[in-house]
Chemist: 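Handing you this structure, nothing more for now.
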Amino acid sequence: MTEQHKFFLSENDIPTAWYNILADFPEPLPPVIHPGTLQPIGPDDLAPLFPMSLIMQEVSTDRWIDIPQPVLDVYRMWRPTPLIRAIRLEQALNTPARIYFKYEGVSPSGSHKPNTAVAQAYYNKIEGTKALTTETGAGQWGSALAMAGKMFDIPVEVYMVKISYHQKPYRRSLMSIFGAEVIPSPSERTQAGRAVLEKDPDSPGSLGVAISEAVEVAATSGGAKKYALGSVLNHVMLHQSVIGLETQKQLEMAGEEPDVMIGCIGGGSNFAGFVSPFVREKIVDGKQTRIIAVEPAAAPSLTKGKYVYDFGDTGEMTPLMKMYTLGHSFIPAPIHAGGLRYHGMAPIVCHMYDLGLIEARALHQNPVFEGAVLFAQTEGIVPAPESAHAVRAAIDEAVAAREAGEEKVIVFNLSGHGHFDMSAYDAYLAGKLVDYELSEEEIDKALANLPQIA
Ligand SMILES: *Cc1c(COP(=O)(O)O)cnc(C)c1O
């Protein structure tokens, strides 16, 4: 018998409501607090930055939140995404395990990020926002929001880290094709940008500075412009739940119960969206699924960070969130090519970890790229370097299943393709990537400027 490779749902199977894990946590999420008053923040504190419907989603504990029809109509362009059995990878590993991956790289910008970009653009449009501001590093989020802005006819301003703007021009081109304005950061347009340029006119920029610029432009626009964030926040995790809800249906079609589920974590959104319906099954039905979050050893927030209140950005402009953090002044080693560079982690993912609902693992970049190349050579898809962390962990689990002689079902999320990341692959193939582990000393140093909260 030939084994089935792909599990496709019909367009009618696209979820019509997002799943909100805040409804099912056995303990509530720690509140977000104001850095001045140290009191929990309310919706009004966020109103200068986000439309009220997204703020209400941010704090909602409703289990299901309906997806508006215009958002579903855009999702339909690429959703449902396929669940694919990696049969050739299984054969190459000679493993009794069955490996499945959910493939989010079929979206127009090549990752899971449009799942939230489209929703955010929609809510901003109906609440009258005149333009969206955001930051981008390598350009995945910027290109997703640029596309979504075009779909809902809302201009998008992207502050792009200057060194990426010059070294990674193709994502910049994609954003321009989708009609966004791309500004190299630090720029002369903001107080935050000018302050950096004054000290160092040749500053290469950083994600932290770009966030500060995008936030400043929105906060000082008198309500005309709002800010959009591609990860970390609760409403982003909510929108990404379409990934996990579809995966649940597809595993049912395949007649499989997952033993192990795996996703990579940068800010935590593709992971949270993929696993939250399965975390619910652990909480509500007592299922024993192992759920693994994979991060780079060069930016190990869950495995080496501290679970404390910290700022979301380098410029100390955001509210304080309780998260596993390496400190908001953390900057990853320049040699690190694997993405996933954020200093903190989504509070929802941190809460899952703190409650013992998920495991975490940190991997070095050479084995990660080695796994990605094996995946490309067997399955034909070049993973995004971020997604490659999940690929490697799935390979390691499949090898462990072989050694134990166990028929495990391993399911991972392939959050995007790597077609814009060839320079990282070139560096790996040329033997130029160095495995870099953050030392305890560096972590202590970065954690020294945490805000002091009693
Ligand atoms: C942005 C990105 C990530 C990391 O962000 P999360 O919020 O952790 O999902 C992972 N994979 C791809 C392909 C990305 O573009």
Chemist: Side chains of His235 and Glu58: any donor to acceptor distance under 3.5 Å?
Modeler: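 Side-chain D/A pair, Glu58 to His235: present.
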
Chemist: Will you find, in the side chains of Thr81 and Lys102, an N or O donor that is under 3.5 Å from an N or O acceptor?
Modeler: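 Their side chains do contain a donor-acceptor pair, which is all the 3.5 Å distance test asks for.
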
Chemist: Do the side-chain N and O atoms of Asp24 and Tyr19 include a donor-acceptor pair separated by under 3.5 angstrom?
Modeler: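 Note: Asp24 and Tyr19 side chains meet the donor-acceptor criterion.
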
Chemist: Does one side chain, of Asn270 or Glu386, offer a donor that lies under 3.5 Å from an acceptor on the other?
Modeler: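 On atom types as modelled, these side chains do not qualify, holding no pair under 3.5 Å.
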
Chemist: Do Gln250 and Tyr100 have side-chain atoms, one donor and one acceptor, less than 3.5 Å apart?
Modeler: no

Chemist: Determine, stepwise, if the pair Phe271 / Val275 fulfils side-chain contact (heavy atoms from CB on, under 4.5 Å).
Modeler: CA-CA 6 Å; Phe271 174 80; Val275 307; 3.8 Å; yes

Chemist: In terms of side-chain geometry, is the basic nitrogen of Glu397 or Arg361 positioned less than 4.0 Å from the acidic oxygen of its partner?
Modeler: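 A salt bridge is present here (some side-chain N lies under 4.0 Å from a carboxylate O).
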
Chemist: Do NZ/NE/NH1/NH2 and the carboxylate oxygens of Lys445 and Glu440 come within less than 4.0 Å?
Modeler: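 Looking at Lys445 and Glu440, the cut-off is not met.
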
Chemist: Quick one: are the ring centres of Phe101 and Phe375 less than 6.0 Å apart?
Modeler: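 Yes, the ring centres sit under 6.0 Å apart.
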
Chemist: How about Ser109 and Gln140: does a side-chain donor come under 3.5 Å of a side-chain acceptor?
Modeler: no

Chemist: Return yes if a side-chain donor-acceptor contact under 3.5 Å exists between Glu135 and Ser185, otherwise no.
Modeler: no

Chemist: Can Asp259 and Arg290 be counted as an ion pair, charged N to O under 4.0 angstrom?
Modeler: no

Chemist: For residues Glu216 and Thr220, is any side-chain donor paired with an opposing acceptor at under 3.5 Å?
Modeler: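 No pair is found: no donor N or O on one side chain lies under 3.5 Å from an acceptor on the other.
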
Chemist: Checking side-chain contact (heavy atoms from CB on, under 4.5 Å) between Glu213 and each of Ile183, Thr133, Thr190, Val196, which is the one that passes?
Modeler: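 Only one option passes, and that is Thr190.
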
Chemist: Are side-chain N/O atoms of Gln365 and His389 paired as donor and acceptor at under 3.5 Å?
Modeler: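 The answer is no; no qualifying pair exists.
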
Chemist: Between Trp18 and His239, what is the ring plane arrangement, given parallel below 30°, perpendicular above 60°, and tilted in between?
Modeler: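 Judged by the thresholds at 30° and 60°, the geometry between Trp18 and His239 is tilted.
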
Chemist: Centroid-to-centroid, Tyr170 to Phe420, below 6.0 Å?
Modeler: no

Chemist: Hey, are Tyr159 and Glu157 close enough side-chain-wise for a donor-acceptor pair under 3.5 Å?
Modeler: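 Per modelled atom types, Glu157 and Tyr159 side chains form a pair under 3.5 Å.
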
Chemist: How many angstroms lie between CG in Asn20 and OG in Ser60, if you round to the nearest 0.5 Å?
Modeler: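 That separation rounds to 5.0 Å.
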
Chemist: Is Glu188 salt-bridged to Arg194, cutoff N-O under 4.0 Å?
Modeler: no

